[in-house]
2 protein chains.
Amino acid sequence: MTEIEKNARAQRVTASDVAREAGVSISAVSRVFTPGASVSARMREKVLSAAEKLDYRPNVMARSLMTQRTALVGIILANFHNPLYLTALDLFTTHLQSRGLRALVFNVSRGDDVVESARQVMQYGVDGMVIAAAAMSQPLVDQCSRQGIPLVAFARQPRRTRVNVVCADNEAGGRLAARAFIERGYRQLGYIGGPAATSTAYFREKGFRQALEESGLTLLGTINASAYTYDAGRAAAESLLTSHPNLDGVFCANDLLAFGTMDVARYRLGLSIPGDLGIMGFDDIELATADSYQLTTIRQPLQDMVKQTVDILGQRISEGDDLPLRKLLFPCSLVERATL
Amino acid sequence: MTEIEKNARAQRVTASDVAREAGVSISAVSRVFTPGASVSARMREKVLSAAEKLDYRPNVMARSLMTQRTALVGIILANFHNPLYLTALDLFTTHLQSRGLRALVFNVSRGDDVVESARQVMQYGVDGMVIAAAAMSQPLVDQCSRQGIPLVAFARQPRRTRVNVVCADNEAGGRLAARAFIERGYRQLGYIGGPAATSTAYFREKGFRQALEESGLTLLGTINASAYTYDAGRAAAESLLTSHPNLDGVFCANDLLAFGTMDVARYRLGLSIPGDLGIMGFDDIELATADSYQLTTIRQPLQDMVKQTVDILGQRISEGDDLPLRKLLFPCSLVERATL
DNA sequence: CTGAAAGCGCTAACAT
DNA sequence: ATGTTAGCGCTTTCAG
């Protein structure tokens with residue numbers, strides 16, 4: 001426009017600025033900012049003070065071009081309704097940051113193609129990737145392994161895919177739920193699952209059903225909620241409880257679903273909990289402790305799961321991705337409160 | 001180790017691989033992958049098929065070195081307890097992605113230094129930044145503007161900092177709450193705020209108190225919860241309600257706090273809501289609709305706020321950062337349910 | 001221990 | 001419309 005240069009992006013201060021200021025070479029500057037390099041104390045001092053003066057910070061992108069490391073970890077997430085995932089994100093970012101890694105998060109909950117999203121994330125040269133979205137496919141896994149990008153499937157159990165997985169033992173969790181119901185005398189049991197496609201819904205139901213059958217009981221009614229939300233839980237509960245009025249217990253695939261079920265039972269149907277109807281949730285979110293719900297639920301050790309995930313990623317990033325595949329199923333535990 | 005090259009990071013396929021495969025120059029490949037470049041149909045065809053065959057994807061990092069654009073937007077977040085922020089993150093990532101931008105999220109809830117975190121994010125050459133964490137400081141803002149990185153403060157109102165802000169009009173929201181209480185005959189009002197340092201807590205209380213005083217009332221009791229959580233709400237409510245047993249209404253700075261307050265009132269103190277005690281929340285999270293709470297609350301237009309934030313960022317990223325500063329305060333609305 | 005030089009993968013003038 | 005040439009900001013041999 002005018003003669004004044006219109007720097008849309010004002011120029012950052014670069015290593016060469018620092019080098020000039022300190023009267024040394026560019027490589028000297030680089031060495032000072034490279035952990036394991038050999039620099040004399042005097043050199044380090046000179047460079048550091050020049051850098052400080054100019055407020056210099058190495059450009060990670062440029063660095064990554066040589067080092068092939070970005071310290072970026074892609075997180076592909078589909079579940080933006082379950083409060084558990086806010087906790088998960090909190091833990092992920094915290095653990096990653098403490099290892100000097102950063103989270104590049106990608107939302108695929110609007111029905112985006114997971115494989116395509118993963119590719120876009122890979123274009124940033126991520127050092128690792130965690131997928132907490134339903135669809136895991138072998139092509140995706142292959143692509144990552146071809147590029148040497150460690151990948152872990154978080155909180156899902158892909159059936160035939162060869163990939164690292166960190167997940168709660170949902171099947172055992174389902175069995176645990178069944179046993180708790182049975183021990184307390186409940187016999188007419190129903191199940192409210194999540195969207196049909198999810199592995200979590202599948203395994204929780206499977207374990208629950210199996211344990212029931214081992215005790216000579218059968219699962220009387222089953223319905224899949226359209227989402228893992230309170231409202232979907234209400235809708236599902238309304239349908240299940242009216243079509244199976246004889247039910248005396250309902251196992252819900254997550255806590256939000258359980259809240260919806262409880263409210264339908266109490267306020268629409270006038271049932272008392274746990275007297276007329278026993279309820280069990282899954283996850284143990286913060287509000288499960290609320291007096292209004294006091295939900296008995298199956299807790300997954302989210303903290304440990306996230307830590308493990310980041311550990312696996314971190315280990316592979318630093319030691320190479322040729323370690324054996326790991327499938328970690330974390331044991332769940334029963335948290336007894338007042339709905340059973 | 002052996003003679004076999006141990007490619008920790010298997011080599012990606014690069015533009016030059018594609019060029020060789022297609023029998024053209026590297027720049028030709030680059031042009032095909034650059035939106036506004038002039039390439040013949042035949043060339044495009046040749047390159048595209050070679051790229052497809054090799055499964056080539058341009059390296060964003062390398063590209064950014066020349067273009068000075070990364071399509072990365074840093075999101076600095078402190079609030080990983082309020083479910084509202086999961087929704088916000090959902091909206092942010094969705095809107096950003098639809099503009100071809102990606103979210104680099106940084107967690108500062110563990111007491112990390114916001115300025116230092118922002119600098120780390122900037123090392124990735126982010127094209128923009130949104131800060132949804134308490135501490136906004138002029139140095140940080142200056143640093144961004146020096147580097148031409150558009151910045152918006154989201155859901156907070158820094159007092160003396162010259163920065164773009166997108167925030168709910170918390171003060172008006174507080175007034176709205178006060179008026180609702182007054183109209184319904186409540187006269188002995190208390191307030192439960194969030195952590196003292198937050199601008200949201202400050203403005204919500206300010207508006208509430210002012211509107212009360214304009215009507216000749218005074219705010220009888222005030223307490224700041226230690227966090228915006230259910231448990232903190234319980235603790236605060238317990239303290240406030242026992243020290244001020246005459247209160248007939250409590251305005252809570254967010255919905256989780258309100259849930260805690262309701263449960264203490266109902267289950268510890270045996271009060272009926274809204275008969276003995278009226279409760280008002282803030283945010284309108286999903287569970288506010290739950291039968292167990294049916295919370296009357298002040299809704300902030302989160303969807304619009306996020307959209308605006310991304311629009312501002314997007315506009316500045318494409319048109320340069322020399323647009324006038326914008327301070328947008330979004331009107332809140334009263335959502336009437338059953339606690340008032 | 002330090003500097004010079006090459007190059008990471010890509011884009012952007014500049015020629016043709 | 002296409003290829004050639006120079007870098008972007010940094011790391012990393014390689015000499016000395």
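Order of the sequence lines sets the chain letters (A, B, ...), proteins ahead of strands, with each chain counted from 1.
Remark: B/R42 pairs with B/S40, B/K46 by the side chain to side chain contact (heavy atoms under 4.5 Å, CB included) rule, at least two apart or across chains. Every side chain to side chain contact (heavy atoms under 4.5 Å, CB included) that B/A132 has, sequence neighbours left out, goes to B/L77, B/Y85, B/F154, B/R156. By the salt bridge (Lys or Arg N to Asp or Glu O under 4.0 Å) test, B/R119 is found to be paired with A/D55, residues two or more places apart in sequence or in another chain being considered. With sequence neighbours left out, the side-chain hydrogen bond (donor to acceptor under 3.5 Å, both in side chains) criterion links A/K307 to A/D311. Under the side chain to side chain contact (heavy atoms under 4.5 Å, CB included) criterion, B/L54 pairs with B/V13, B/D17, B/V18, B/E21, not counting sequence neighbours.
Remark: C1' of C/dG9 and CD of A/Q147 are 14 Å apart, rounded to the nearest angstrom. Here the P atom of nucleotide D/dG7 and the CG atom of A/N59 are 18 Å apart, to the nearest Å. The separation between B/D17 atom CG and C/dC8 atom P is 11 Å, rounded to whole Å. When rounded to the nearest whole Å, the span between CZ of B/R57 and P of C/dG9 equals 18 Å. In this structure, A/Y124 atom OH and C/dG9 atom P are separated by 18 Å, rounded to whole Å. Spacing between atom CE of B/M61 and atom P of C/dT11 amounts to 14 Å, rounded to whole angstrom units. We find that CZ of B/R20 is positioned 12 Å from P of C/dG9, with the value rounded to whole Å. In this structure, B/R12 places its CZ atom 15 Å from P of C/dC8, rounding to the nearest Å.
For the 3.5 Å distance criterion, the side chains of B/Q143 and B/Q147 fail to qualify, holding no donor opposite an acceptor.
Applying the 4.0 Å criterion to OP1 and OP2 of C/dC10, one finds that B/Y56 has a side-chain N or O inside that range.
Closest to the A/L65 side chain, of the nucleotides D/dT11, D/dG9, C/dC10, is D/dG9.
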**Asked** Which letters describe nucleotides 1-6 of chain C, given B = protein heavy atom under 4.0 Å from base, S = only from sugar-phosphate, - = neither?
**Response** SBBBB-

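In this structure, the side chains of B/N164 and B/K327 stay at 4.5 Å or more apart for every pair of heavy atoms.
If you check every strand for non-hydrogen atoms under 4.0 Å, B/S30 touches a base.
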